[in-house]
There are 2 protein chains.
Amino acid sequence: MPHAPRPRGPKPIRMDPDRILDAAQEVFARDGLRAASLRAIAKQAGCDPALIYYHFDSKEAMFTALLARRFPPILQELEVVAAADDPRPTALRLWEVVRIYHRHLKADPAIRSLIRGEIVRGAEGLSDLIEARIRPIVMAIRSILDQGVARGDLRADLHTLLGTFFLARMHLEILDLLPTVLPRLMGLPHDQAVETGLHVWFDLYWRGIARDPLAPLPPLPELTVDTPAIKETRP
Amino acid sequence: MPHAPRPRGPKPIRMDPDRILDAAQEVFARDGLRAASLRAIAKQAGCDPALIYYHFDSKEAMFTALLARRFPPILQELEVVAAADDPRPTALRLWEVVRIYHRHLKADPAIRSLIRGEIVRGAEGLSDLIEARIRPIVMAIRSILDQGVARGDLRADLHTLLGTFFLARMHLEILDLLPTVLPRLMGLPHDQAVETGLHVWFDLYWRGIARDPLAPLPPLPELTVDTPAIKETRP
DNA sequence: GGTCCAATTCAACGAATGTTGAATGATGGG
DNA sequence: CCCATCATTCAACATTCGTTGAATTGGACC
């Protein structure tokens, strides 16, 4: 018995390409770039796989679009903190970097793994796209370290580029691995793992780069500020 | 015109399963676990894909065998350094850990990416196999940190488990990412990237964990000792 | 020299993937 | 009301993948 012929044309609800990107982000986060299939993304978005090709050129183009949506806000916030006339002590500015990173990347394992994977794979020449996105971010953080050296807060022989690499990468490693590793190796519950890890890490890192390692850190603001007003409401 | 019928039976040279593992390691290193195909591994080993199934149960079994071949030697060397009666200063023992890690994992991006990938993916419960291999290694390194605290070399409030995580993970991040990132962001040539990164990192790390961060590090032995006698000669 | 086993290859299967072309319905302007 | 354009779906394509069963051969042993 043949079913009633399915209606072909458009659904009553138009599909916003941003909705597809949301779905892609979610599936990428769960399965990784390579393993995430277009069919899974389409299912998540509630549409046909072919529709994705109407809005995007290819799977890779979706990745590009995801980057374009994700990076500029991060860079914008970082550049505020990195402004040369920011009067706050270097430790606080660096902690602010950690907080910005955290707010934007904590809930998005897809972007984290995509970027890292792309860098690892592209040994020959990391894709220009990624480099164009990452370089300004690195430079913003690095300039805070440079200013810290100039102001006498940080040790004079600090390798500021590597210092940037260490700060940012370990943050992402903590996000990616500690929630799995720490509960298994000790009893720490899932949520505390990342928070604890980041605080211990920042304390260690600061001692490593400060001109006066034994001076106590100033009180650090909470990692994430709850903004209960803004909720994800999607019609 | 049909070619001469290919000989079916065994080649004159028997295929050592270790040869297949070598090939798998190489292809895994190049393409990653998921993307590496059995056909590519078979080609690299110079045999038919089906032969792999004669020697191993599945693709995953090859991974298991790779781990079993790789980890015990690392653990064995680490446990020598971690012996409680080792009289060397803590800084030197930790640098020895770095050197051991380096010797065994530097040339093997496959293992590095496999382990990390497995941990990231297995958020629910990192595969027991991996945990069984990793836990003793973590504990060996951690015991050096614990002894360092007890001896008064390291700060009393050191979180030794996270300290282990930081040391080992950043080492692997340096191996995986710096050769690609550093030459792109500055002029540093490929080979120096890892060596420079590791020295700067260890210096920063030591300041972060030492009881007296400003005391200079003792002279550190070279990262890798050339052993020109042992060459990879395969008939 | 015959027989058996271990090692190897060939060919194919079913499933999944990225992608495309044609068909179809809705929407809005004239 | 008609028609063009847009958004969507269906069905299929070619590839690739992990895996398997049958066929084949070399060597060891009697």
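Just so we're clear, the structure is a prediction, and the values are computed from it rather than from any experiment. Chain A is the first sequence line, chain B the second, and so forth, proteins listed ahead of strands; every chain is numbered from 1.
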Could I get the full list of side chain to side chain contact (heavy atoms under 4.5 Å, CB included) partners for [X], not counting sequence neighbours?
X	answer
A:Glu60	A:Ser58
B:Ser143	B:Ala82, B:Gln147
B:Thr64	B:Leu129
A:Ala168	A:Tyr101

Taking atom types as modelled, find out whether A:Arg142 and A:Thr164 have a side-chain donor-acceptor pair closer than 3.5 angstrom. no
Using whole Å, report how far [atom1] of [X] lies from [atom2] of [N].
X	N	atom1	atom2	answer
A:Leu38	D:dA11	CG	P	19 Å
B:Leu33	D:dC17	CG	C1'	13 Å
B:Asp16	C:dA7	CG	P	11 Å
B:Lys43	D:dG18	NZ	C1'	18 Å
A:Leu51	C:dT20	CG	C1'	14 Å
A:Asp31	C:dT17	CG	P	9 Å
B:Ile20	C:dA7	CD1	P	11 Å

DNA chain C-proximal residues of residues 52-62 of chain A, any heavy atom under 4.0 Å: A:Tyr53, A:Ser58, A:Lys59
Base, sugar-phosphate alone, or nothing: which one does A:Ala36 contact when heavy atoms must sit under 4.0 Å apart? sugar-phosphate
Residues at least two apart in sequence or cross-chain that pass salt bridge (Lys or Arg N to Asp or Glu O under 4.0 Å) with B:Glu26, listed by chain then number, are none
Listed partners of A:Arg133 passing salt bridge (Lys or Arg N to Asp or Glu O under 4.0 Å), at least two apart: none
Is there any protein nitrogen or oxygen under 3.5 Å from a nitrogen or oxygen in nucleotides 14-16 of chain C, and what are the pairs?
none

Which listed nucleotide (D:dT20, D:dT19, D:dC10) is nearest to the side chain of A:Asp48? D:dC10
Nearest-nucleotide pick for A:Ala50, side chain only, options being D:dC10, D:dG18, C:dG18: D:dC10
Per the side-chain hydrogen bond (donor to acceptor under 3.5 Å, both in side chains) rule, what does the pair list look like for residues 66-79 of chain A, sequence neighbours excluded? A:Asp22-A:Arg69, A:Gln25-A:Arg69, A:Arg70-A:Asp108, A:Glu77-A:Arg103, A:Glu77-A:His104
For B:Leu178 and B:Ala193, the nearest pair of non-hydrogen atoms, with its separation, is CD1-O, 3.8 Å
